[in-house]
Each structure stands twice: as C-alpha cells, then as structure tokens.
Amino acid sequence: MKSTHKYSTYQKYLDIYENYLDASIGPLQVTSINSEKIIQILPKDLSASTHRSIYCVLNQMLQYGNLYLNLPGILLQSYIDAKKPTMVEILNPAEQQRLLTELFDHMDRCKLGILICLSTGLRLGEICGLRWEDIDFSHKCLRVSRTVQRVRMPSADRKTMLVEGPPKTVSSKWEIPLPDSLLLLLHTYYEEGSYVLGNTSPMDPRTYQYRLQTYLQAARIESCHFHILRHTFATNCINSGADVKSVSELLGHSNVSITLNKYVHPAMDIKRNYLNALTVEYSRILEHMK
C-alpha cells in the first residue's frame, strides 16, 4: 500500500497492524480465521472507528493472500452495527456572534484563518496547508489542493513529523466561491509566496487547534474540536435554504449521502410547520366538500 496510498493512510494501517493484528492474529493459520475467533481475540473496548479499521486492514490482507498466494478466499463481517447518523455539534447563533466579535478584535492571520473556515467549511489540515497562490482573486474563489497532517515516523522512537499531501479524497480537490467581504479582508493580508496563516512553512494543526481554543475561551464558548467550524458552516448553509448538492460540493464530500446523513436533520419546528400546513390543506378540502 505504501506506493499507492497517502503516507498518512499507510501509517494508520501500519499502526493498526502492529497494535492489533501482528501478535494476536498473525500466528493463526488462514484457514482457521473466522469472525467468531476474531471477536474473541480483539479487545472489547474498541471504538467503532478503530474496529472498522481493523476489519478493513485484515480483509485486505486476506484478499491479498487469496489473489497472489492461492490462499482461501475469506471475507470477515464486522459485528459492529452500521453507525447511525447523529446530530453534529455546531455553534449556536449567539456563540457565532461572540466568536466573530473576538476574531474581528485585533484581527491577524490566525484569526483570519478561523474566519475562512467559518465561511468555507475548510478542515483543520486544509487551512494549515492553504497558500496564497490557492486564492484566485480574479475569479473570486479558493482552491483546495493540499492538507497538512502530523503522522508518526516509521521508526522505533515513534517521533512524528508534519506531512503535506493531497486532500482527504479525490473529490476534496475543489473550488469554493468566496464572498466579496471575505475577499476584501484577504487582500489586506496577502503576501506572495507564503501560507495564508503566515511564514514559508505550514502551521502545525495541533498548534492551530490550541489557537482556536484561546479564541473560544475569550468568546466564552466551551472548548470543542476544530471541526465544529465546518459543521457550523454546513448547517448554516442548509438552514439558509441551500440545496444539498451545492453544500456537498462546497464541503468536498465524495457523495451527497454523506451530507444528507450528517447535516440534513430538520428541526422540530420545521417538521411542525409541515404538519400544520398539511392540516390547513385538509381543512380546505373538507370545506370544499360541504
């Protein structure tokens, strides 16, 4: 996989192999592997995400053995139920107002980056890797073409390094239109040849996550993950009447179903309005029949 996948993906799969598969499942004969045995071997307190990753790696290894080593074809089924869509965490209108007030107070490049994320839905690694050359002022758009991640180096000392690579998915290489007000602000801080957050090297995502926490604290908002900015942007788009296809493309999702499952959850008031409208229509029909 190392030659065909992003380094961060390869490193994630390698960690899964070393931590969960090598010692416990590695000694087993392929013909003795089945879902029941894997359930007995794996720790019981795994997160759903880790569980799915383990089965993904193990099934790819078994498929490789089947294709190239003439070993029996085995496909293991995960016993974790499909993850149900949940309501994403967002900033409420009052919190958004307080955060915007904090950002515009002594605005600098770091605060500008937070505002960009609130206005475009960029992920943490994408804003850290954003260069001025990615902003097309003439066409009023922003091109997402890279992301920055901190990953473990392939060595025994387990040190980490910053890796700059392509976005999360192929569809994540996309363009986002920029509002005129944000473009004017970007013009103020433009510096040819550097990253938007400053300097000639990307910002460490962990450092920028800490920066966000200081802004949230100043705005009297409870500490939360950077992804809340992306969730807030998407929810604002949906609540403003944007169609799901457009929001999906703005977010760089690989398909519309991801957007639907995450963000399209009508509020109770909206559902009540639908039913009230239906009741009015029934009343009209009954009145017409009299």
Side-chain angles (χ1 to χ4, degrees), residues 6-12 91 99-155 157-169 172-219 221 223-230 232-233 250-252:
K6 291 195 302 182
Y7 179 80
S8 57
T9 303
Y10 157 74
Q11 190 60 55
K12 175 185 176 181
L91 298 174
L99 179 56
L100 288 172
T101 300
E102 168 62 24
L103 295 178
F104 279 99
D105 182 26
H106 298 94
M107 174 73 74
D108 57 23
R109 286 194 180 188
C110 284
K111 288 186 174 182
L112 175 62
I114 302 297
L115 183 61
I116 292 173
C117 291
L118 270 175
S119 305
T120 62
L122 289 189
R123 301 176 179 92
L124 173 57
E126 292 162 354
I127 186 63
C128 288
L130 188 66
R131 297 172 178 262
W132 285 111
E133 65 195 51
D134 299 320
I135 298 177
D136 189 335
F137 288 99
S138 60
H139 292 89
K140 300 182 179 182
C141 67
L142 177 157
R143 298 188 184 94
V144 181
S145 56
R146 70 186 67 81
T147 188
V148 175
Q149 292 176 286
R150 179 165 288 282
V151 299
R152 184 173 68 85
M153 294 176 63
S155 59
D157 55 17
R158 302 190 70 82
K159 288 184 178 180
T160 61
M161 63 179 178
L162 280 182
V163 175
E164 192 172 6
K168 188 174 181 180
T169 62
S172 292
K173 288 188 175 183
W174 79 109
E175 293 185 349
I176 303 173
L178 296 173
D180 292 338
S181 57
L182 183 56
L183 279 167
L184 288 173
L185 196 56
L186 289 169
H187 266 294
T188 305
Y189 291 90
Y190 176 78
E191 182 180 340
E192 185 177 356
S194 72
Y195 289 82
V196 171
L197 296 183
N199 302 320
T200 56
S201 59
M203 172 81 74
D204 188 325
R206 294 188 302 188
T207 300
Y208 204 40
Q209 170 74 13
Y210 296 147
R211 290 286 183 90
L212 173 63
Q213 302 312 313
T214 63
Y215 302 147
L216 293 174
Q217 184 178 15
I221 300 173
S223 177
C224 52
H225 194 271
F226 200 95
H227 226 57
I228 198 171
L229 304 177
R230 179 173 171 85
T232 300
F233 165 76
L250 286 170
L251 294 172

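- Contact annotation: the side chain of Leu130 approaches that of Leu142 to within less than 4.5 Å [non-hydrogen atoms, C-beta and beyond].
- Of all the heavy atoms in Glu164 and Gly129, the pair that sits closest is OE2-O, 4.2 Å.
- Put simply, the side chain of Ile116 reaches to within 4.5 Å of the side chain of Leu186, judged on heavy atoms.
- Side-chain contact between Leu185 and Met107 is present, with at least one heavy-atom pair separated by less than 4.5 Å.
- In this structure, the side chains of Pro202 and Leu197 stay at 4.5 Å or more apart for every pair of heavy atoms.
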Q: Could you please spell out the steps behind the side chain to side chain contact (heavy atoms under 4.5 Å, CB included) verdict for Leu99 and Leu103?
A: CA-CA 6 Å; Leu99 179 56; Leu103 295 178; 4.2 Å; yes

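- For His225 (side chain) and His227 (main-chain N/O), a donor-acceptor pair under 3.5 Å exists by modelled atom type.
- Screening residues 176-187 for salt bridge (Lys or Arg N to Asp or Glu O under 4.0 Å), with sequence neighbours left out, gives Lys140-Asp180.
- Salt-bridge formation is detected for the pair Glu102/Lys111: a Lys NZ or Arg NE/NH1/NH2 atom is positioned less than 4.0 Å from an Asp or Glu carboxylate oxygen.
- Once rounded to the nearest 0.5 Å, the distance linking CZ of Arg131 with CD of Glu192 reads 12.5 Å.
- In this structure, the side chain to side chain contact (heavy atoms under 4.5 Å, CB included) partners of Ser119, at least two apart in sequence or on a different chain, are Leu115, Leu182.
- Considering only heavy atoms from C-beta on, Gln209 comes within 4.5 Å of Gln213 through its side chain.
- Applying the side chain to side chain contact (heavy atoms under 4.5 Å, CB included) test to Lys12 and every residue at least two apart in sequence or in another chain returns Ser53.
- Separating the CZ atom in Arg230 from the CD1 atom in Ile127 is a distance of 12.5 Å, to the nearest 0.5 Å.
- A donor-acceptor distance shorter than 3.5 angstrom exists from the side chain of Asp108 to the backbone of Cys110, with no hydrogens or angles considered.
- Residue pairs meeting the salt bridge (Lys or Arg N to Asp or Glu O under 4.0 Å) criterion with at least one member in residues 198-214, sequence neighbours excluded: Arg150-Asp204.
- With contacts defined as side-chain heavy-atom distances shorter than 4.5 Å, the pair Leu124/Leu212 does not qualify.
- With contacts defined as side-chain heavy-atom distances shorter than 4.5 Å, the pair Phe233/Leu250 qualifies.
- Scored by the side chain to side chain contact (heavy atoms under 4.5 Å, CB included) test, Ser194 finds Arg109, Trp132, Glu191 as partners (sequence neighbours excluded).
- Side chain of Glu175 to main chain of Val144: no donor-acceptor pair is present (N/O by atom type, distance under 3.5 Å, no hydrogens or angles).
- When the shell of 6.0 Å around NE2 of His106 is examined, it contains 12 or fewer heavy atoms from other residues, nucleotides or ligands.
- At least one side-chain heavy atom of Ile228 sits less than 4.5 Å from a side-chain heavy atom of Leu91.
- Screening residues 194-214 for ring-ring contact (aromatic ring centres under 6.0 Å, His included) gives Tyr208-Phe226 as the qualifying pairs, with residues at least two apart or on separate chains.
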